Amino acid sequence: MDLLKRYKNIYDTNIILMYKGEVTFDLVTSIIETLDGRITELETDRLVKKKFYGAATECIQNLYHHMDEVADETNQIDTYDSKSGLLLVTARKKFYNIMTGNFIPNSKINVIQSKLDSINALDKDGLKKLYKEILYNGEFSDKGTAGLGFVEIARKTGQKLTYEFHQVNDEYSYFTFQIRVPREIEKKLAEAS
């Protein structure tokens with residue numbers, strides 16, 4: 001095993017943060033603080049930092065609020081994984097990539113997919129209108145959210161939301177959610193002027 005080669009590969013990939021485990025309120029706070037420090041080291045563009053921080057915070061909070069503990073009786077999901085979320089944040093030359101993953105009941109797939117597809121179908125003005133609509137008319141769930149997270153992420157990044165559901169068994173699937181935050185925002189705005 002060539003550990004130095006593996007280290008260089010990880011270093012070249014620019015992994016900013018990688019976490020797998022239980023997602024608690026204290027951990028959310030710690031991860032957000034860590035990302036804030038790391039992005040300050042890596043990024044000089046103030047607008048990119050702001051967009052990244054806002055999107056990353058929403059992704060982490062979504063993971064925290066919507067993680068369902070899995071009670072898998074088929075033993076296809078071990079106890080540790082059933083309580084775990086996954087967060088991977090990487091930096092590329094043209095964008096930051098934020099990916100989350102967690103188990104969800106198959107019964108929730110249609111609702112989540114419908115929301116994400118509806119959000120992806122909207123332009124900037126449509127997202128703004130939907131955001132205001134949910135904010136003023138939305139009902140809060142038992143988890144204290146009104147469903148604004150995905151809309152906010154799409155608004156902050158200006159990107160389509162990427163997701164997949166990987167069926168594990170008849171009851172559960174693994175939900176992966178990925179967004180990109182462009183690193184050349186200021187340059188694009190300057191060229192447009």
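Quick caveat, the model's predicted, so the values are computed rather than measured. Along the sequence shown, residues carry numbers from 1. What you see below is based on every heavy atom in this structure, not just the backbone, and it leaves out hydrogens, waters and symmetry mates.
Remark: the backbone N or O of Arg92 is paired with a side-chain donor or acceptor of Arg183 at under 3.5 angstrom. A donor-acceptor pair is defined here as one N or O able to donate and one able to accept, closer than 3.5 Å; no such pair exists between the side chain of Ser30 and the backbone of Asp26.
For Glu43 and Tyr96, the side-chain atoms include at least one donor-acceptor pair closer than 3.5 Å. Side-chain atoms of Thr90 and Asn14 form no donor-acceptor pair, as typed in the model, at a separation below 3.5 Å. Glu171 and Asn106 share no side-chain donor-acceptor pair at under 3.5 Å.
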**OP:** Take Tyr19 and Leu27, measure what side-chain contact (heavy atoms from CB on, under 4.5 Å) needs, and give me the verdict at the end.
**Re:** CA-CA 10 Å; Tyr19 174 79; Leu27 182 70; 3.2 Å; yes
**OP:** Would you sort out whether Phe103 and Tyr172 count as a ring pair (Phe, Tyr, Trp, His ring centres under 6.0 Å), showing the intermediate values?
**Re:** CA-CA 7 Å; Phe103 289 99; Tyr172 298 101; 7.5 Å; no
**OP:** Would you check, one step at a time, whether the test side-chain contact (heavy atoms from CB on, under 4.5 Å) holds for Leu135 with Leu148?
**Re:** CA-CA 8 Å; Leu135 190 61; Leu148 285 172; 3.8 Å; yes
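Shortest non-hydrogen contact noted between Asn102 and Ile104 is ND2-CG2, 3.5 Å.
Tyr163 pairs with exactly one of Asn120, Asp117, Thr176 by the side-chain hydrogen bond (donor to acceptor under 3.5 Å, both in side chains) rule, that one being Asp117. Of the candidates Lys156, Lys51, Gln159, Val181 forms a side-chain contact (heavy atoms from CB on, under 4.5 Å) with just one, namely Lys51.
Following chains of ILVMFWY side-chain contacts shorter than 4.5 Å, one can reach Phe25 starting from Ile60, so the two form part of one hydrophobic cluster.
In this structure, Arg180 forms a cation-pi arrangement with Phe95, its terminal cationic atom sitting closer than 6.0 Å to the ring centre and no more than 45° off the ring axis.
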